[in-house]
Student: 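This is the structure I have questions about; it appears just below.
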Amino acid sequence: MEQLHAWTEDPRTAIQLQKALAPRVIREDCLPTSVDLIAGVDVGFEPLDPKRNVRVDPAAPSLTRAVIVVMEYPSLRVVEQVLHRQPTTMPYIPGLLSFRELPAILEAYACLEHRPDLLMVDGMGIAHPRRVGIATHLGLWLDKPSIGVGKSRLCGRHAEVPDVKGAMVPLIDKGEEVGRVMRSREGVKPLYISQGHRISLETACDWVRACLTRYKLPEPTRQADRLASRRTREGVLMREARSTGQDQA
DNA sequence: GCGACAG
DNA sequence: ATCTTGTCGC
C-alpha cells in the first residue's frame, strides 16, 4: 500500500521499484462519471548559472520548473495554473524520467486548489520498457486517472501514420499494444498516446482528441508547455501564473 | 557486444 | 530538456 510512494534516486533501485509498481497499474476505465476538470502537466528547466552563456550543458546545475494547468471541459478555459521551481537533483536517464521530474510535479500539485478529474502528462504512460512512464507513475502516486502524451518514441514500433488529423496507428512493444501514435495535426510529428493509470487506451485517445484544437498538442499539455518552457525574465513568470508554489532557491 | 533512448 | 535565426508555407 505504501510502496506506491516509495522513493529513490539510485538508478538500480529505481528500476526495481518500477518493476514492483507495474502490476499495480489499472488499465481499465476507472474515472469519474463526469470529467469536468482536466489538468495538463509539464516540466521545464532553467540554468542556475549566473553566467548563462554560449552552450548549455544538461549536466550543469539547474532549476526544475513544474507546471500544472487546470482546464474546464468542454470549454477548455483555464481555471487555475500553478508553477513550482526547485533545484534539479537527478540527471536525465532514459527510462527513469519520473525520478527526475516527479518531486517538483508533486509539489506543484499540492498547491492546486482544484481537484482535477484527469491528468494529461507530457511524456509516456505505459509505453515504457517496464510499463511505468512518468504519466503512469504520477497516476499511481496520486491514485488519479492519467494519460501520457509524448512527443517522441521511447520504445515500441509502429507503422507510418497517415497525414490526416485524427489518424492513429498502434504502438507495439514486445508483442503488446502499449499505446497509439496519433496525428494531432497535419504536417507535424505525431503524438505518442498511452494509458497512464485508471483508463483504457480507447478512452485515453478519445480525451486527447477531444482536447485538440488547431495545434499539435492537446490544450492541457499545450498550456502547461507554454509556461514550462518560457524564459524567465524579471519575474514576469510569477506574475502571469494565477497562483504559484513558493520557491526554494 | 551494439544500437536505442520520453524530457 | 536547452541554445539559436532565418526561412519556408498556408
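Naming: A, B, ... by sequence-line order, numbering from 1 per chain.
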Student: Could you state the atom-to-atom distance from CG of Leu97(A) to C1' of dA1(C) in whole Å?
Tutor: 9 Å
Student: So, is Arg153(A) close to the dA4(B) phosphate, meaning a side-chain N or O under 4.0 Å from OP1 or OP2?
Tutor: no
Student: Picking from Arg198(A), Gln195(A), His197(A), what satisfies side chain to side chain contact (heavy atoms under 4.5 Å, CB included) with Val25(A)?
Tutor: His197(A)
Student: Are Tyr92(A) and dA6(B) close enough that a side-chain N or O sits under 4.0 Å from OP1 or OP2?
Tutor: yes
Student: Just N and O in the side chain of Lys151(A): are any of them under 4.0 Å from OP1 or OP2 of dA6(B)?
Tutor: no
Student: Provide, to the nearest angstrom, the distance between the NE2 atom belonging to His128(A) and the P atom belonging to dA4(B).
Tutor: 19 Å
Student: In whole angstrom, what separates Ile134(A)'s CD1 from dC5(B)'s P?
Tutor: 19 Å
Student: Give a yes or no answer on whether the side chain of Ser194(A) reaches the backbone of Gly179(A) with a donor-acceptor pair at less than 3.5 Å.
Tutor: no
Student: Just to confirm, is there a sub-4.0 Å distance from OP1 or OP2 of dG7(B) to any side-chain nitrogen or oxygen of Ser152(A)?
Tutor: yes
Student: Taking the six-membered ring for Trp, is the centroid-to-centroid distance between Phe99(A) and His137(A) below 6.0 Å?
Tutor: yes
Student: Could you check how far CD of Gln18(A) sits from P of dA6(B), rounded to whole Å?
Tutor: 14 Å
Student: What is the separation between atom NE2 on His137(A) and atom P on dA6(B), rounded to the nearest whole Å?
Tutor: 19 Å
Student: Once pairs are restricted to Watson-Crick or G-U wobble with both distances under 3.5 Å, how does DNA chain B read as a dot-bracket string, [ ] for crossings and | for other-strand pairs?
Tutor: .......
Student: What integer distance in Å separates Leu96(A):CG from dA4(B):P?
Tutor: 20 Å
Student: Tyr109(A) and side chain to side chain contact (heavy atoms under 4.5 Å, CB included): which partner among Leu138(A), Leu102(A), Leu119(A)?
Tutor: Leu119(A)
Student: Pairs counted only when both distances fall under 3.5 Å, Watson-Crick or G-U: show me the 5' to 3' dot-bracket for DNA chain C, [ ] for pseudoknotted crossings and | for other-strand partners.
Tutor: ..........
Student: Do Arg222(A)'s NZ or CZ and the ring of Tyr215(A) fall within the cation-pi criteria of under 6.0 Å and 45°?
Tutor: yes
Student: Please state how far atom CG in Leu154(A) lies from atom P in dG7(B), giving the value in whole angstrom units.
Tutor: 8 Å
